[in-house]
Amino acid sequence: MAALILFGGGGDLAMRMLLPSLYFLDHDGLLPDDLKIIGAARSAESAEAYIAKVHETVKAKAEADEAWDEASWARMKARLDYLAVDATDPESLKGLKAKAGDGETTSFLAVSPSLYGRIVTAMKAAGLAEKNCRIVLEKPVGRDLESFLEIDDAVAQAFDERQVFRIDHYLGKETVQNLIALRFGNTIFEPLWNNLTVDHVQITVGETVGVGDRWPYYDEYGALRDMLQNHMLQLLCLVAMEPPSDLDPDSVRNEKVKVLRSLRPITPEEAERVTVRGQYVAGAVEGQPARAYRDERGQPSDTETFVAIRADIDNWRWAGVPFFMRTGKRLPEKRTEIVIQFKPVPHSIFGHGERGDIYDNRLVIELQPDEDISLSVMNKKPGLDQRMQLQPIKMSLSWGVNGKDAAPPRRRIAYERLLLDALKGDSTLFVRRDEAEQAWKWVDEVADAWSGAGFKPLDYGAGTWGPEAADLLLSRTGRKWNTRDE
Ligand code: BG6
């Protein structure tokens, strides 16, 4: 028998993401037959009561995706169990160990990271950190390099690095993996993927949601630590890394860590020029009034809900190619995309002006709301005009275009892929200790520069793309952020 233990099994992450993901995996016949799923949390409820809650949440999600069936649920229900525990107490965890048995055990910590250290120590004492055990850690691990190392050292006392799976759910997104396929499964992009042809790269993660009730967590982290340190730097790594020699965990992660090491440190003197901090004030998002962050928080706060940064990668491939990243809450659209902006043609033979009517080629890798990869190229406008007229067209790799009449595959929850990989022990899509360390190091420099210079977040209206300074970050260099309609 193998076991998956969900610490924080009744919490938001488990109910919203992990248990529905497990249902979908089971529905698709992807879970090992003998896998038991054990929810573990403080609440003193019975296994029946817990399973009833799981049923409710999973059914709602599966019905919305037209993937609910009673037979799959019956299979999942038979796997489910629950135990009320104090996860920091070895005695209490012994009961969990008894339920999990002596087979392979994967423990997912979906609890407050401030408890990670004490939980892993208790797990070790209770026999849940044996050689055939793994641990999955949800972000954020730490708030800066120092606190990351403190937690991670405690983890390392109990588990070998090969047993540790640090999750960044962005790595489980289909289009993110598709980016790897695009770069390394084709010959046509790689020769162009460098500073000879690429002008700059943009990474945008826009969210329409506000912080709302999450402020007790968020106020301590802000957009820099909540999104940029992990999701956005991971995306940057996948765009910028050298071709790994294999898809095995170490080959890929070795390349990613090299990118992080090559990030130019942001000095306090530079911070004002290359970073923007913002915080939303009242406005309207998608036609609905939205409150200011400080009103949700109940008092003024210096936490940023928006960040934009220009990163430079000091290596041969990327010298001189800026990577612009921006993310924020209460922006006009939920949109996550990576834009590879190619350089202009050196000379236009079409127009009268210097550049004529040629737009620069642009590869847009869209992760949300739709999953799509599109390349804009110039095309001749049909017709008999004397002067040849050009128009940009988008070549799309989306399923809708290429899947012909077939229904697109169900859009998977990013955690499905990651849970499956963790259960198999494949850590390619997880973050290695040295990666997390480097990412914190770079982010700490930004945070220190801000606090050293007393940079307060600039106001931006809810429903706008952040403070004006974020546009200036690009326009100062003659560039602009990608918009939907281009
Ligand atoms: C989480 C952050 O890691 O990612 C949240 O803590 C954020 O603040 C979320 O909303 C965004 O994830 P996704 O998959 O919806 O883009």
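It should be emphasised that the depicted structure is a prediction, and the values quoted were computed from it without experimental measurement. Order of appearance sets the numbers: ligands from 1, and atoms from 1 within every ligand. Keep in mind that the numbers below use all heavy atoms, side chains included, and drop hydrogens, waters and symmetry copies.
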**OP:** Give yes or no for whether the N/O distance cutoff of 3.5 Å, strictly under, is met between Tyr218 and ligand 1.
**Re:** no

Original post:
What is the ring orientation for His169 with Tyr415, classed by angle as parallel under 30°, tilted 30 to 60°, or perpendicular over 60°?
Top reply: parallel

Original post:
At what distance is the nearest protein heavy atom to atom 16 (O) of ligand 1, and which residue and atom is it?
Top reply: Tyr170 OH, 2.4 Å

**OP:** State the atoms of ligand 1, each with its element, that fall below the 4.0 Å cut-off from a heavy-atom position in His231.
**Re:** 1 (C), 3 (O), 4 (O)

Original post:
Which protein non-hydrogen atom lies closest to atom 15 (O) of ligand 1, naming both residue and atom, and how far is it?
Top reply: Lys334 NZ, 2.7 Å

Original post:
Does any non-hydrogen side-chain atom of Phe324 lie less than 4.5 Å from one of Ile309?
Top reply: no

Subject >> Contacting atoms of ligand 1, where contact means under 4.0 angstrom from a heavy atom of Asp226 >> reply: 2 (C), 5 (C), 6 (O), 8 (O)

Subject >> Intermediate values then yes/no, ring-ring contact (aromatic ring centres under 6.0 Å, His included), His55 and Trp68 >> reply: CA-CA 11 Å; His55 176 253; Trp68 176 255; 5.6 Å; yes

Subject >> Heavy-atom side-chain proximity of Val259 to Val239 below 4.5 angstrom >> reply: no

Original post:
Looking at Lys173, which atoms of ligand 1 are within less than 4.0 Å of one of its heavy atoms?
Top reply: 13 (P), 14 (O), 16 (O)

**OP:** Before giving the answer on side chain to side chain contact (heavy atoms under 4.5 Å, CB included), spell out for Leu247 and Phe184 the whole-Å C-alpha distance, their side-chain angles and the decisive distance to 0.1 Å.
**Re:** CA-CA 10 Å; Leu247 259 192; Phe184 307 123; over 6 Å; no

Subject >> From CZ (Arg411) to CG (Asp370), nearest 0.5 Å >> reply: 7.0 Å

Subject >> atom 12 (O) of ligand 1: nearest protein contact (heavy atom, Å) >> reply: His169 NE2, 3.2 Å

Original post:
Would you say Glu207's side chain and Lys334's backbone share a donor-acceptor pair under 3.5 angstrom?
Top reply: no

**OP:** Check ligand 1 against Lys139 and write out every atom of the ligand that is under 4.0 Å from a heavy-atom position of the residue.
**Re:** 1 (C), 2 (C), 3 (O), 6 (O)

**OP:** If you have a sec, work out which protein heavy atom is nearest atom 9 (C) of ligand 1 and how many Å separate them, to one decimal?
**Re:** Glu207 OE2, 4.1 Å

Subject >> NZ or CZ of Lys53 within 45° of Tyr50 ring axis and under 6.0 Å >> reply: no

Original post:
Starting from atom 5 (C) of ligand 1, which protein heavy atom do you reach first, and at what distance in Å?
Top reply: Arg214 NH1, 3.4 Å

Original post:
What do you reckon, does Lys329 have a nitrogen or oxygen under 3.5 Å from a nitrogen or oxygen of ligand 1?
Top reply: yes

